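What follows is a single structure, written as structure tokens, with notes after it.
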Protein chains: 2
Amino acid sequence: MAADSAPSPLPEGDGTSRVTARRRKARRRAAGVKAVAAAAGVSLGTVSNVLNRPEVVSPVTRAKVEAAMASLGFVRNESARQLRAGSSRILAYLMLDAGNPFFTDVAKGVEDAAREAGLSVFLCNSNEDADREADYLDLLEQQRVQGILITPIDQNSSRLSKLPARGTPVVVVDRAIDDGEHCSVAVNDVLGGELAIAHLLELGHDRIAYVGGPNTIGQVLDRRDGARRALRKAGKPPENLIEITTGALTVAEGRGAGQRLAGLPAARRPTAAFCANDLLALGLLQQCVSLGLRVPEDLAIVGYDDIEFAAAAAVPLTSVRQPRQLLGRTAAELLLDESSNPDHEHQRVTFTPELVVRTSTRGTL
Amino acid sequence: MAADSAPSPLPEGDGTSRVTARRRKARRRAAGVKAVAAAAGVSLGTVSNVLNRPEVVSPVTRAKVEAAMASLGFVRNESARQLRAGSSRILAYLMLDAGNPFFTDVAKGVEDAAREAGLSVFLCNSNEDADREADYLDLLEQQRVQGILITPIDQNSSRLSKLPARGTPVVVVDRAIDDGEHCSVAVNDVLGGELAIAHLLELGHDRIAYVGGPNTIGQVLDRRDGARRALRKAGKPPENLIEITTGALTVAEGRGAGQRLAGLPAARRPTAAFCANDLLALGLLQQCVSLGLRVPEDLAIVGYDDIEFAAAAAVPLTSVRQPRQLLGRTAAELLLDESSNPDHEHQRVTFTPELVVRTSTRGTL
DNA sequence: TCGAGTTGCTGAAAGGTTTCAAGAAGATTG
DNA sequence: CAATCTTCTTGAAACCTTTCAGCAACTCGA
């Protein structure tokens, strides 16, 4: 297996090369509407009309202006447009972790809906880091984007609730929230956790672990609560749930959890693990398999999200499926409504998750 | 297994719910520097100084201004700032496919480098769609971002070469380009293809398939060329390579290719497949396994990128590894240099890929 | 006490676009 | 032919910030 050391960018023995070309930049000041107007022999207002209301300009004038634009390489200055017109054509989705396919699928739904409405989407990645989240929120507010979609790290952040009052609509994605300030679109995570554990209980498991963290993330807590509730319903004390808290919802953390689990003596080791998301589950699975545990015989695993890779895993993963794209699309539609409909009322939409059973719990019957 | 039908957002029998709250928005016009100046009893210039050069303002005045800002909920208008100051604090990375972990890893490198320089990154997703790519390029140019990092669909697009001349620096990521207009950061894809095929030849394979497409994507072509070159070096005619062209570099297309491959009579079926990326490889793998082919006994598979999921696959995937984060970081650094260093010279940086051998070709020896 | 240097603040101008009331030219009607 | 409509075009004002030359007040040394 290859070494993990990073290739160097310098022209070294490993074949990496760096080729330099000499060529100076010649950045001249861009031509504006004024220059276009002069070149086309019309007024500023007419150029603006060509840009914004072409139908009111006579075809011949329009052609002259368009020719002038092309020959000068005119590029509209969006800052100036936005400053004057007061409106932005941009939506932002601030993701919790761009490396998690769950969120990129949500983003796809957002983009589809935005595109249909003629808007563009900027994606931002907080990477589960509260500072970065805060920085991006400030930036987006300063940019006066049309609205912000966010899967927050901490949905109680005061920053979040201040935004709508100051004029930037915010829709919370993948979290239910009920402060009257935002719309939210979520999946019932408590129910999801319940489904997962009920399934494991039905298969006869008794020593069950819950792998997830950090506990600042709402999804992690809700899914755990669902797990506990399932135990309670089955007449078992919820304290029976063996909790393994991770530092993030990543494959690497999942591998770490696998290390810990596999290290336990077989008699105390759980016979099943429910992970707060598929990344953790995949990492856990990979580590356990490589340490010689059989899945599901020695350890059954349930993931969460049902990302595309779950089905392609070493042992196809049982997982709790969420309507990812629909989540994003619905959120974007709510945001659009909020920013265009004066009678908008905040909504809290909750979808229902669904258990997808595969080999990692059922075996290959 | 669960049905694929999308849950409905309406309050129906499936438990999905939609809760409405009545509450009207009260969007007042935001307070500007002028209002802050009036409230603090100072001039506009002083407020601006507090914002941009706090050290030149006396502590007592600064405190007054900051208090006024806080009480009025002042949010700087970035459009106006940028219009006047002429500079943006934003970098954009226009990705080929945000759903591909390879690109989100590259994005991580970009963000790290940008953050160190005090800039923010907006991610855009062309999703292998030329129209979307064009739209985003227009938008970003109009926004006057500091610079654009892009993994293009077609690196010969005239749009791409026009941007730098008009003042927006562009760095091409994951493609080598030599038109004197951009920096580029790439990995030697021809070599990568060669490594993959050389490995398969060494294992004794003779009927080898190349799975990739569409052929407008440079990476797809280079890797294929590398594959052919390896065959030539081994004294075999490059036409021996069985080409399966896909419509995109996705898991779904990989499954489609698997369907086609598995349908062939065993005597004509390739004994090994080299896929243009790991998503294709994972899809291919999943489909072949579910159709009863054994990997690597019936079909050996080599992927490309070595994304995190490759190692966790049904059969751990042999893959060609690229320095993903370093790619992004280097690109961002080149972009920063271009936009700040008047003596900048365009560079073409090429990294060297590395074969990572796992079970999907080697078996479990 | 005077002059020079420092420190802190001011106010007008500028940046590129959109908007809008109003004007010009041409077409239509009675 | 005059009056009324239409259709296009105009030019100034406004959007909010940053910049910068200049001014006022103070400090310090001789």
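Residue numbering restarts at 1 for every chain, and letters A, B, ... go by the order of the sequence lines. As the structure is a prediction and not an experimental result, all values here were calculated from the model.
The side chain of A/Arg76 lies closest to C/dT18, out of C/dT18, D/dG11, D/dT17. Picking from D/dT17, D/dT10, C/dG16 the nucleotide with the shortest atom distance to the side chain of A/Val42 gives D/dT10. The listed nucleotides are D/dT19, C/dT18, D/dT9; the one nearest the side chain of B/Ala85 is D/dT19. Closest to the A/Arg53 side chain, of the nucleotides C/dT19, D/dT10, D/dT17, is C/dT19. When the nucleotides C/dT17, C/dG8, D/dC16 are ranked by their closest atom to the side chain of B/Asn77, D/dC16 comes out on top. Relative to the side chain of A/Arg84, the nucleotides D/dT10, D/dA14, C/dT10 differ in distance, and D/dA14 lies closest. For B/Val57, the side-chain atoms get nearest to C/dC9 when compared with the rest of D/dT10, C/dC9, D/dT18. Checking D/dC8, C/dT17, C/dT18 against the side-chain heavy atoms of A/Thr61 singles out D/dC8 as nearest.
Judged by distance alone, with hydrogens and angles left aside, the side-chain atoms of A/Thr151 form a donor-acceptor pair with the main-chain N or O of A/Val173 at under 3.5 Å.
Applying the ring-ring contact (aromatic ring centres under 6.0 Å, His included) criterion to A/Phe122, with sequence neighbours excluded, gives B/Phe122. Shown here are the ring-ring contact (aromatic ring centres under 6.0 Å, His included) partners of B/Tyr136, two or more places apart in sequence or in another chain: there are none.
Within the 4.0 angstrom heavy-atom criterion, base atoms lie near B/Ser48.
Look at CD on B/Gln82: it is 13 Å from P on D/dT19, rounded to the nearest Å.
With contacts defined as side-chain heavy-atom distances shorter than 4.5 Å, the pair B/Ser184/B/Arg175 does not qualify.
Distances shorter than 4.0 Å separate none of the side-chain N or O atoms of B/Ser43 from OP1 or OP2 on C/dG11. Distances shorter than 4.0 Å separate some side-chain N or O of B/Ser58 from OP1 or OP2 on C/dC9.
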